[in-house]
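So the structure is just underneath, and the comments pick up after that.
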Amino acid sequence: MLNSIWMKRRSVILTWLFSYVAILLLPILIGVFVYRESNAALEDEIHRANDALLKQVREIMDNEFESVLRLNTEITWNTKIQDLMYTNKLKRDDYQYSLYQVAMDFKLYKTFYPQITDFYVYYSMGDTGLMPGLVRSGKDVYEQVHNSPNFSYQDWLSMLTSRKEPSFVPMVYRSLSGSMHQSIAHISYFASNTDTKPEGAVVILVDESKLLTALQNVQLFNGGEVLVLNKENQILLSSLETNQQPVLTNQFASDEQGFFHETYNGQDSVFYYISSKKTNLKFVTIMPSALVWQKANNVRWITYISIVLSILGGSLLTFFFLKKNYNPIRQLILTFKGESNEQLNDGSNEFQFIQHMISNTVNEKEQANIRLKQQNHLLRSNFMNRLLKGRVDNQIPIEDALPAFEMHFDSDEFAVLLFYVEANELFFSSISGKNDHEKAKLLQFIVSNVVEDIMNTKHIAYMTEIDDMLACMINFRDSGQAGRLAELRQMTEEAQQFLKMKFQIELTVSISNIHPSIVDLSIAYKESVDAMEYKLIMGRKEIISFHEIQNEALNEIPQGYYYPLQVEQQLINFLKIGEYDRAKETLDTIVDRNLKINQISLPLARCLMFDLVSTMVKALHEIGDTQEESSGGSLKEIEKLTACETMQDMHEQLTEMLKEVCSNNLAKRKSTLIQIRHHDLETLAQNIVSFIQENYHDADMNISLIGLRFDMKSTYLSKLFREQTGEGLLDYINKVRIVKAKELIENQNITLNEIASLVGFSDVNALIRIFKKYEGVTPGKYKEMYLK
């Protein structure tokens, strides 16, 4: 059995196998993830330990080399050395004495820096070496300090006379006992400019053995090798025996610190390096990879062993559960094959075959139900239309037809509601991805469901589409109760408000009377249609009850058509003069008298609509062509009026037209009044100026006198004068008097007292004070300036 299943590529057993393998892989992947995370954590800890080691090495070495740099600075900036190097002392008499003084200074430096093995200064111009307490020739210095077959005199001399930057280099050193030692030498140069050879060099030697002693503990910590490299990656110091050739010069990056892998002394090693903070040296530790990754290898082997054990155990469990779980599936397939002619093909597995068989059964049942519901919906809609219009088939009793259409009634009392959709633009714009026909169907579906849900809370309701409207048949559950029409109206208002708020669907609804038999549904439908006709008078979006209309028709209310000629002329006159409030009051009176008080019939309501349109045409014509644009385009407005379907719409449209026309006419009248007032103010200002020019010499003339002259309050007159001329009335009087005073000063040889009297000042002091205020000088000073 299993062999035949394995031959099928899409068998469910393969799916299960993959599922079990996926479940098996989960702990394996978790183990790999744990291994990777632990391995990364170990690597991080190892790198941190070696970084700490390197920083310790750097701290030790920087402390050792700091004394070298400090001694080099003191020697370089020694005034005697500066004088020797940069002046031609070789030809001076005190040359030898200067050398002796420098040697004595060096002897003191030797005392201050006991950690320095040796140091000297080479003076190239005199081929002289200056040592602590000694002055020797360059050859003697070489033989005493460096004489070695591997480091010739010429090599030494070339190193000291070549132009280079200060640096640390490896150098052979001969002790006092004559034995040769390796040392680290720091060489710096004296140079007056960059184009010539240096005048000399400072050489400071540090024995490697002193530095290795400081590094001994560091070496024991990691079991590796510690190197000190210079800028050219030459080995200056090594904790183990090593050659003097540059090591991995192309591997060290320019970063301050880092690490890389490389084969060293025949084994894979990890190189950690860090730069000095005080010099251009690099400190390197070399560790065998086996030592570094010893703990990581242990974790790796544990992970490998756990993965192998998981695979072996999971394989055995997978085979056992596959065989056990497949038997029920096999029995189901055999059962379905016995009930159907379909066979399990190679393109599907067992579950897909079972699902396919179940889906076929369910689909067949659903399709049958859908076809039944569609046919039943169409048949019920047709049955309800015939029932509402009184075209019931007499061959089949209504009581027998209702169960076939899944309809039932609890009582013998019925009513009909009609719903007319007034505005659907907002609803249509909120729906995307559908055409207008689909949107209309959706709108009908929403209205039908909302109305049925609300009505069915207390009664039985069925909705259907009829003559561009939606009709709702209401069957009252409790017959004979009072106030059912009021309750029906309240529920209708609830449905109307809900549809408007939630879906922007606005409806006009009409309600019939309550009838005691299902046969009378056609009468109830006709009553709802008649009530809907009253939308012309009552307006859109209203709930119109046939019962209320019928009662109003039976009452003895005086009937009459109210729109006399004098009222029409009053409305036109109010429009001409821009009296919007009175024009609106007149229009409201006409509408209220005809629709609320007299309650005219539908034909007379249509006549009133035409009369009001005619009145607006007359008014716009009498206003004239100049008002054509200000009234918003009379032809378009008249077209809007004639397109109104209800008196409410026309009333609103007429009110807007009245407001716009009156506003424009009123604005024109105000503009004319402003122009007239401006002209009057100009005339008044000119008269005041003339009066002042004629009476400025009168000492009693002031603002109060002018106010009496023009029969106005002085403060108000002064305000008007300032608004018109931009100048205060008192200032203008004083300026006129000062101008006249200046003319008298310039043309006549009279005293200031006489001038003050002639121009209207009560005394000469007032003249002097006012004159200085406006002219900046006194009258006497002004006369002197004029005579000059």
Side-chain angles (χ1 to χ4, degrees), residues 576-581 624 626-627 629-630 659-660 662-788:
K576 287 181 180 181
I577 62 175
E579 288 286 346
Y580 168 70
D581 293 335
T626 56
Q627 297 296 323
E629 295 181 0
S630 63
K659 185 175 182 180
E660 186 172 358
C662 290
S663 176
N664 291 330
N665 291 339
L666 188 60
K668 183 178 179 182
R669 290 183 61 201
K670 287 182 179 179
S671 176
T672 303
L673 291 175
I674 290 172
Q675 292 177 359
I676 295 172
R677 185 174 183 275
H678 182 69
H679 179 266
D680 292 341
L681 288 176
E682 285 184 346
T683 303
L684 176 62
Q686 291 174 1
N687 292 336
I688 293 173
V689 168
S690 300
F691 179 78
I692 293 172
Q693 292 288 347
E694 295 173 357
N695 299 280
Y696 70 90
H697 50 79
D698 185 358
D700 294 329
M701 188 187 68
N702 51 29
I703 298 177
S704 299
L705 180 63
I706 297 174
L708 292 174
R709 168 63 178 81
F710 290 96
D711 196 18
M712 298 177 68
K713 289 184 179 180
S714 58
T715 55
Y716 181 65
L717 180 66
S718 179
K719 179 181 178 182
L720 293 178
F721 187 82
R722 181 181 291 276
E723 289 177 355
Q724 191 64 29
T725 63
E727 188 175 16
L729 187 55
L730 183 59
D731 285 340
Y732 183 76
I733 295 171
N734 288 331
K735 285 182 179 180
V736 170
R737 287 173 172 172
I738 294 302
V739 170
K740 298 300 181 180
K742 287 167 63 178
E743 293 177 358
L744 293 174
I745 292 172
E746 294 173 1
N747 300 326
Q748 298 184 29
N749 188 14
I750 58 179
T751 65
L752 291 179
N753 288 325
E754 294 175 333
I755 293 174
S757 177
L758 290 174
V759 297
F761 288 108
S762 58
D763 55 54
V764 70
N765 292 328
L767 170 64
I768 294 172
R769 185 178 68 255
I770 300 301
F771 194 96
K772 187 174 182 180
K773 175 182 177 181
Y774 289 99
E775 297 298 325
V777 295
T778 62
K781 188 66 175 179
Y782 178 80
K783 185 174 183 179
E784 291 177 5
M785 294 170 58
Y786 178 76
L787 293 176
K788 289 181 180 180

Compare all side-chain heavy atoms of [X] with those of [Y] and state whether any distance is below 4.5 angstrom.
X	Y	answer
F721	I703	no
N702	I733	no
K740	H697	no
K772	T778	yes
T725	Y732	no
M701	I692	yes
L717	I688	yes
I755	F771	no

- Message: Pair L767, N753 - check side-chain contact (heavy atoms from CB on, under 4.5 Å), show working.
- Response: CA-CA 9 Å; L767 170 64; N753 288 325; over 6 Å; no

For [Y], is there any backbone N or O sitting under 3.5 Å from a side-chain donor or acceptor partner on [X]?
X	Y	result
N687	T683	yes
S718	S714	no
E746	E743	no
R737	Y696	yes

Looking at [atom1] of [X] and [atom2] of [Y], how far apart are the two atoms once the value is rounded to the nearest 0.5 Å?
X	Y	atom1	atom2	result
I750	L752	CD1	CG	9.0 Å
T715	K719	OG1	NZ	9.0 Å
I738	E775	CD1	CD	7.0 Å

- Message: Which residues pass the side chain to side chain donor-acceptor pair (under 3.5 Å) test with E682, not counting sequence neighbours?
- Response: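 For E682, the residues satisfying side chain to side chain donor-acceptor pair (under 3.5 Å) (neighbours in sequence not counted) are H678.
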
- Between F710 and F691, what is the ring plane arrangement, given parallel below 30°, perpendicular above 60°, and tilted in between?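 The rings of F710 and F691 stand perpendicular, inter-plane angle above 60°.
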
- Should M712 and I706 be marked as a side-chain contact (heavy atoms from CB on, under 4.5 Å) after you check the CA-CA gap, both sets of side-chain angles, and the distance that decides it? CA-CA 8 Å; M712 298 177 68; I706 297 174; over 6 Å; no

- Might you work through the side-chain contact (heavy atoms from CB on, under 4.5 Å) test for R722 and L729, ending with a clear yes or no? CA-CA 7 Å; R722 181 181 291 276; L729 187 55; over 6 Å; no

- Message: For D698, I'd like to know if atom CG has over 12 heavy atoms of other residues, nucleotides or ligands within 6.0 Å.
- Response: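 Yes - once you tally the heavy atoms of other residues, nucleotides and ligands closer than 6.0 Å, there are more than 12.
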
